[in-house]
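The block underneath contains the structure these notes are about, expressed in structure tokens.
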Amino acid sequence: MKIIQQIDALKSYALSCKKQGKTIGLVPTMGYLHAGHQSLIRKSAAENDITIVSIFVNPTQFGVGEDFESYPRDLAHDTAAAEAAGASVIFHPTAEEMYPKGYHTYVSVQEITSVLCGKSRPTHFQGVTTVVSKLFHISHADRAYFGQKDAQQLAVIMRMATDLNMDTIIVPCPIVREPDGLAMSSRNTYLSAEERKQALVLSQGLYAAEKLFADGERSTAFLKETVRQKILTAPLARIDYVELLTYPELTPCETVKSQCLLAVAVKFGTTRLIDNILLEVPEK
Ligand code: AMP
């Protein structure tokens, strides 16, 4: 497996692969890889000749006072984890390589970036869409793999790819969870033992609502309240939001009539966790 740090080197490698008729899958990540990331890499490796995994803690998607500096980094571990899952290349650029002096261009998706995480992280998605468009151009990817764990990010990237007529196909991948239900995240490492225990209320609340939904409950307010009440049983939890919106449009709805996203963001100390489930209305 190759490790490439320079944009030009990755571009030439990707172009030479394309010339040989090979397909390229891209898995953008911020590193500190876990089984969730590896599921994306495995899917890409199964569907493409070449899989490029980018590992880049992207400064433009962190707000002032967020965890850019402390975000966990471990390239040796990531190299082994990416290779074990079938990656062909790791792209690991520096911030100066991606945003050299004089850099002034940003990609910004409107509307659906102002709800959910966009409310408390107003500059976050512009950083994500900017870096992801750069990665699409640099990697010449036929397909790019994104986790449903970051459901709003996935919706924003699908919107961007459609609106800007990008050729890269966006492939959604299911959430990978710990055996007890906690959605895997590089940020779980910040949690104390007690916070880790209490963090289970996120998935438990979502599952309780999912069960009610399966039994026929369609009221947005009731489903949200079910999740909220479960989260409130954890004394250390501070709710940022519990939301239910249509998906992937992310518009409000009073009752669930089409596919919807039930999503939560909860802080434990300074650690902000997100989780979600999709509610699919059965066809009649
Ligand atoms: P990150 O490194 O957190 O920026 O995540 C990189 C990619 O991995 C994103 O597309 C995430 O949605 C995806 N991802 C992160 N955690 C999980 C998980 N638990 N299950 C599935 N995909 C995930």
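Remember, it's a predicted structure, so these values are computed and weren't measured experimentally. Both counts, for ligands and for their atoms, begin at 1 and track the order of listing.
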So if I count the atoms of ligand 1 from 1 in the order they appear, which ones are less than 4.0 Å from some heavy atom of [X]?
X: I175; answer: 20 (N), 21 (C)
X: P174; answer: 20 (N), 21 (C)
X: F146; answer: 10 (O)
X: M30; answer: 1 (P), 2 (O), 4 (O)
X: T29; answer: 2 (O), 6 (C)

Could you tell me whether [X] approaches ligand 1 through its side chain, its backbone, both or neither, with non-hydrogen atoms closer than 4.0 Å?
X: M184; value: both
X: S185; value: neither
X: L40; value: side chain
X: S186; value: neither
X: H34; value: side chain

Would you check whether V176 has a nitrogen or oxygen atom less than 3.5 angstrom from a nitrogen or oxygen atom of ligand 1?
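Indeed, backbone or side chain, V176 has an N or O that close.
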Please report whether ligand 1 has a polar contact with K149, defined as an N or O pair separated by less than 3.5 Å (distance criterion only).
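No, since none of the N or O atoms of K149 sits under 3.5 Å from an N or O of ligand 1.
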Using a strict threshold of under 4.0 Å (side-chain N to carboxylate O), is an ion pair present between [Y] and [X]?
X: E66; Y: R121; value: yes
X: D78; Y: R73; value: no
X: R196; Y: D180; value: yes
X: R187; Y: D67; value: yes

Per the side chain to side chain contact (heavy atoms under 4.5 Å, CB included) rule, which among I112, N276, V115 passes with Q152?
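Of the listed options, the one satisfying the test is V115.
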Would you say A35 touches ligand 1, if touching means a heavy atom closer than 4.0 Å?
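The answer is no, since A35 has no heavy atom less than 4.0 Å from ligand 1.
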Taking all atoms of both residues into account, what is the closest heavy-atom pair of G25 and S44, and its distance?
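The answer is CA-OG, 3.4 Å.
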What heavy-atom pair brings S133 and M166 nearest, and what distance separates the two atoms?
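So the two residues come closest at CB-CE, 3.7 Å.
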Checking a contact table here: which protein heavy atom is nearest atom 5 (O) of ligand 1, and how many Å away?
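Its nearest protein heavy-atom neighbour is H37 NE2, 3.4 Å.
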Identify, for atom 11 (C) of ligand 1, the protein heavy atom at the shortest distance, and state residue, atom and that distance.
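Minimum-distance protein heavy atom for atom 11 (C) of ligand 1 reads D150 OD2, 3.0 Å.
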Pair T246, E249: side-chain N/O donor-acceptor within cut-off below 3.5 Å:
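Side chains of T246 and E249: pair found under 3.5 Å.
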Less than 6.0 angstrom from the centroid, inside 45 degrees of the normal: does K134 satisfy that with respect to the ring of Y99?
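Because its charged atom sits under 6.0 Å from the ring centre and within 45° of the axis, K134 does stack over Y99.
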Out of C173, A151, G147, P28, indicate the one that has the non-hydrogen atom closest to atom 10 (O) of ligand 1.
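Minimum heavy-atom distance to atom 10 (O) of ligand 1 goes to G147.
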A quick test of your reading: do over 12 heavy atoms of other residues, nucleotides or ligands sit less than 6.0 Å from NE2 of H77?
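Yes, enclosed.
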